[in-house]
**Q** 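Below is a structure I'd like to ask you about.
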There are 2 protein chains.
Amino acid sequence: MSESSTSNTRVKLLDAAERLFALNGIGSTSLRAITSEAGTNLASIHYHFGKKEALVEAVFARRIEPVNRDRLERLDRVEAESEPNLEDVIRAFVRPALSLLRSPDHGGAHVMNLMGRLYSEPGDLKFAILKQFEKIALRFGAALHRALPILPPDELFWRFHFMIGSMAFTLVAGDVIEHRSEGRISLDDVDANVERLVSFIAGGLRAPLPNFTTSEDTV
Amino acid sequence: MSESSTSNTRVKLLDAAERLFALNGIGSTSLRAITSEAGTNLASIHYHFGKKEALVEAVFARRIEPVNRDRLERLDRVEAESEPNLEDVIRAFVRPALSLLRSPDHGGAHVMNLMGRLYSEPGDLKFAILKQFEKIALRFGAALHRALPILPPDELFWRFHFMIGSMAFTLVAGDVIEHRSEGRISLDDVDANVERLVSFIAGGLRAPLPNFTTSEDTV
DNA sequence: GTCTATAAGTAGATAGAC
DNA sequence: GTCTATCTACTTATAGAC
């Protein structure tokens with residue numbers, strides 16, 4: 001990357017956009033609101049990013065890239081052992097995302113929210129950004145298959161998405177969870193929450209298959 | 001409800017808004033786009049709903065209310081038996097939402113998408129709408145506790161949200177799932193997908209608790 | 001209840017000074 | 001690289017005819 005000039009303004013714009021996108025949604029956030037928050041002017045966005053869409057992609061890319069690199073590094077380490085454990089594979093996938101919460105240099109909650117929100121963004125944007133996850137999906141899909149060889153590929157495919165869902169929801173709905181618990185529960189203890197998620201997901205992945213004969217009238 | 005005049009226009013507006021909200025997001029959908037899609041005029045929205053925010057709430061309420069009523073009815077039936085089965089409780093929760101996909105009178109996919117998207121909407125709107133889920137959360141929380149009495153309440157609380165996550169993700173990311181599977185997988189078979197989700201969630205809820213001593217250096 | 005017309009404000013994007 | 005000023009189009013909302 002040609003980061004000779006990290007252009008303080010560029011970073012300030014990304015920070016402001018990230019915060020406002022997570023808070024109010026992308027469509028509801030105007031460029032003017034972003035420049036106002038960043039303490040710059042309207043033209044700076046067009047100078048650095050060209051148009052709003054490019055700014056949006058840059059906001060996501062800045063967070064996704066290091067998280068996915070971390071995931072792959074952890075998976076490499078897990079697979080260096082001869083017999084990879086299911087929990088270890090899941091942990092390598094889940095922890096880098098949940099860790100964003102306590103990353104010291106950034107706001108925290110809004111980053112998680114933004115990551116989780118990704119999946120519910122409009123079509124074109126979503127698929128453009130999800131391309132950055134293709135390698136991750138392949139590597140982790142293969143690792144899960146090796147850890148759970150009995151599971152038919154199509155069923156593993158479904159469960160892989162259920163797994164993503166429980167993680168993404170934790171990212172996006174952290175405030176709902178804290179709100180509903182009336183103070184009893186906090187998102188601060190990342191270690192504990194990662195382990196909670198890992199156990200749940202491992203149990204779900206290992207669950208016996210349904211027989212697919214149960215239908216409406218059984219309920 | 002004073003549904004003496006179901007006001008065809010009102011319904012057309014709700015249908016159009018629902019479709020566009022799911023497709024492009026709420027913030028990015030203008031009232032003009034909605035009236036254009038509905039074949040009405042701009043003033044009709046203000047006549048029927050007053051302002052955009054009220055329209056948004058009406059769009060959600062129209063879908064949430066019957067789904068949650070269905071959930072409670074199913075739970076009543078499940079609890080009528082002496083010893084409620086965990087899978088039955090989960091199914092009562094999950095099926096009414098997934099069933100929207102094949103509801104004959106409406107578009108389908110965009111309704112699911114909208115329901116799943118709810119959790120990633122901005123603060124005020126989200127909490128206003130999530131109030132409609134309070135009764136559901138209490139009833140199902142209690143039912144899950146009775147089916148899994150060994151699980152400490154705080155851990156059940158977490159796992160209940162992981163459960164919501166895997167369901168909400170299936171609702172919101174249906175197109176991602178179909179896209180990634182390259183045609184091998186379809187969302188049409190609601191019965192099979194409900195059973196897939198129920199097995200996964202049941203496995204997750206029944207999983208052994210983590211010991212919470214595993215930390216960063218273990219990975 | 002439904003419409004047109006219009007007010008009053010805000011959107012993204014650009015030109016050009018410094 | 002950063003700024004002000006401005007263009008054009010679109011936004012929500014309202015007033016008033018029918």
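It should be emphasised that the depicted structure is a prediction, and the values quoted were computed from it without experimental measurement. Residue numbers start from 1 in every chain, and the chains themselves are labelled A, B, ... in the order their sequence lines are given, proteins ahead of strands.
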**Q** Starting at CZ of B:F49 and ending at C1' of D:dA13, how long is that distance when rounded to a whole Å?
**A**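 To the nearest whole Å, that distance equals 16 Å.
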**Q** So, is A:T9 close to the D:dT2 phosphate, meaning a side-chain N or O under 4.0 Å from OP1 or OP2?
**A**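 For A:T9, the contact criterion (side-chain N or O under 4.0 Å from OP1 or OP2 of D:dT2) is met.
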**Q** Flag this pair as yes if the NZ/CZ of A:R184 is under 6.0 angstrom from the six-membered ring centre of B:F157 and inside a 45 degree cone about the axis; otherwise no.
**A**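 Cation-pi check for A:R184 and B:F157: passes.
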**Q** Could you tell me whether the phosphate oxygens of C:dG1, OP1 or OP2, come under 4.0 Å of any side-chain nitrogen or oxygen in B:Y47?
**A**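 So the side chain of B:Y47 is within the cut-off, an N or O lying under 4.0 Å from OP1 or OP2 of C:dG1.
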**Q** Would A:F133 and A:R71 count as a side-chain contact (heavy atoms from CB on, under 4.5 Å) here? Give the steps.
**A** CA-CA 11 Å; A:F133 289 91; A:R71 279 173 168 154; 3.8 Å; yes
**Q** Nearest-Å distance, CZ (B:R10) to P (C:dT2)?
**A**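 Result: 12 Å.
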**Q** Does A:S99 use its side chain to pair, donor to acceptor, with the backbone of A:R95 at less than 3.5 Å?
**A**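 Judged by distance alone, yes, a pair lies under 3.5 Å.
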**Q** For the pair A:I26 and A:L20, evaluate side-chain contact (heavy atoms from CB on, under 4.5 Å) and give the outcome as yes or no after the intermediate values.
**A** CA-CA 8 Å; A:I26 296 173; A:L20 293 174; over 6 Å; no
**Q** Nearest whole Å is fine: how far is C:dG12 P from A:I45 CD1?
**A**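 Rounded to the whole Å, the gap is 8 Å.
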**Q** Using Watson-Crick and G-U wobble pairs with both distances under 3.5 Å, what is the 5'-to-3' dot-bracket string of DNA chain C, with [ ] for crossing pairs and | for pairs outside the strand?
**A** ||||||||||.|||||||
**Q** Hey, can you tell me if B:H179 and A:F127 have their rings parallel, tilted or perpendicular (30° and 60° cut-offs)?
**A**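 Tilted, since the angle between the ring planes falls between 30° and 60°.
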**Q** Write down the distance between NZ (A:K12) and C1' (D:dG1), rounded to a whole number of angstrom.
**A**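 Answer to the nearest Å: 12 Å.
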**Q** Can you name the side-chain contact (heavy atoms from CB on, under 4.5 Å) partners of B:R19, sequence neighbours left out?
**A**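 Once residues adjacent in sequence are excluded, the partners of B:R19 under the side-chain contact (heavy atoms from CB on, under 4.5 Å) criterion are B:L23, B:E37, B:H110.
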**Q** Do any N or O atoms from the side chain of B:S44 and from the backbone of B:N41 form a donor-acceptor pair under 3.5 angstrom?
**A**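 Checking the backbone N and O of B:N41 against the side chain of B:S44, a donor-acceptor pair under 3.5 Å is found.
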**Q** Measuring to OP1 and OP2 of D:dT2, would you say a side-chain N or O of A:N41 lies under 4.0 angstrom away?
**A**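 For A:N41, the contact criterion (side-chain N or O under 4.0 Å from OP1 or OP2 of D:dT2) is not met.
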**Q** Using atom types as modelled and distance alone, determine if a side-chain donor or acceptor of B:E87 lies under 3.5 Å from a backbone N or O of B:S199.
**A**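 Not a single qualifying donor-acceptor pair exists.
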**Q** Pick out the pairs of N or O atoms, protein on one side and nucleotides 9-12 of chain D on the other, that lie under 3.5 Å.
**A**
residue, atom, partner, partner atom, Å
D:dT11, OP1, B:S30, OG, 3.0
D:dT12, OP1, B:L31, N, 3.1
D:dT12, OP2, B:L31, N, 2.9
D:dT12, O4, B:R32, NH1, 3.1

